[in-house]
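Read the structure below first, then the notes.
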Amino acid sequence: MAKLNRIRVVLAERDLNNKWLSEKLGKDSATISKWVTNTTQPSLETLIAIANALEVPVQALVRQEEFNQEI
């Protein structure tokens with residue numbers, strides 16, 4: 001499976017963890033874990049909420065090189 005998002009990287013860069021994001025978004029920690037390990041991908045609406053919580057543009061959470069290879 002392609003690694004489509006950079007949520008784990010941005011969390012680490014900001015010295016934050018899955019639990020923080022879980023509480024911020026009101027989502028189950030297991031769901032957050034699936035996103036950061038690229039087991040599943042968040043919806044676009046959720047990705048926008050994640051970007052807002054992390055105070056980064058959505059583009060910072062998307063791996064462009066992987067996305068371009070999928071097209």
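We're numbering straight along the sequence, starting at 1. FYI, side chains are in, hydrogens and waters are out, and symmetry mates aren't considered; it's all heavy atoms of this structure.
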### Task
Under the side chain to side chain donor-acceptor pair (under 3.5 Å) rule, collect the residues that match up with S29, sequence neighbours excluded.
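Expected list: none.
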### Query
side chain to side chain donor-acceptor pair (under 3.5 Å) with S33: which residues, sequence neighbours excluded?
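Applying side chain to side chain donor-acceptor pair (under 3.5 Å) to S33 gives none.
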### Step-by-step side chain to side chain contact (heavy atoms under 4.5 Å, CB included) determination, I32 to W20
CA-CA 10 Å; I32 305 297; W20 177 88; over 6 Å; no
Could you report the tightest heavy-atom contact between [X] and [Y], atom names first, then the distance?
| X | Y | value |
| --- | --- | --- |
| A60 | R6 | O-NH1, 2.6 Å |
| A51 | P57 | CB-C, 4.1 Å |
| N38 | L4 | OD1-N, 3.3 Å |

Nearest-0.5 Å distance, [atom1] of residue [X] to [atom2] of residue [Y]:
| X | Y | atom1 | atom2 | result |
| --- | --- | --- | --- | --- |
| L44 | I48 | CG | CD1 | 4.0 Å |
| Q41 | T46 | CD | OG1 | 11.5 Å |
| I50 | K27 | CD1 | NZ | 8.5 Å |

### Derivation of the side chain to side chain contact (heavy atoms under 4.5 Å, CB included) call for L61 and V10
CA-CA 7 Å; L61 299 177; V10 176; 3.7 Å; yes
### Message
Are the side chains of L16 and K24 in contact, using a 4.5 Å heavy-atom criterion?
### Response
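The answer is no; the side chains never approach within 4.5 Å.
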### Task
Determine, stepwise, if the pair L11 / R8 fulfils side chain to side chain contact (heavy atoms under 4.5 Å, CB included).
CA-CA 5 Å; L11 282 170; R8 174 185 282 180; 5.7 Å; no
### T31 and L25: CA distance, side-chain angles, deciding distance, side chain to side chain contact (heavy atoms under 4.5 Å, CB included) verdict
CA-CA 11 Å; T31 300; L25 298 177; over 6 Å; no
### Query
Would you say the side-chain atoms of N5 pair up with the backbone N or O of W35, donor to acceptor, closer than 3.5 Å?
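Yes, the answer is positive, given that a donor and an acceptor are paired below the 3.5 Å cut-off.
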### Message
Within a 6.0 Å radius of atom CG on D15, are there more than 12 heavy atoms belonging to other residues, nucleotides or ligands?
### Response
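Atom CG in D15 is not packed in, count stays at 12 or less.
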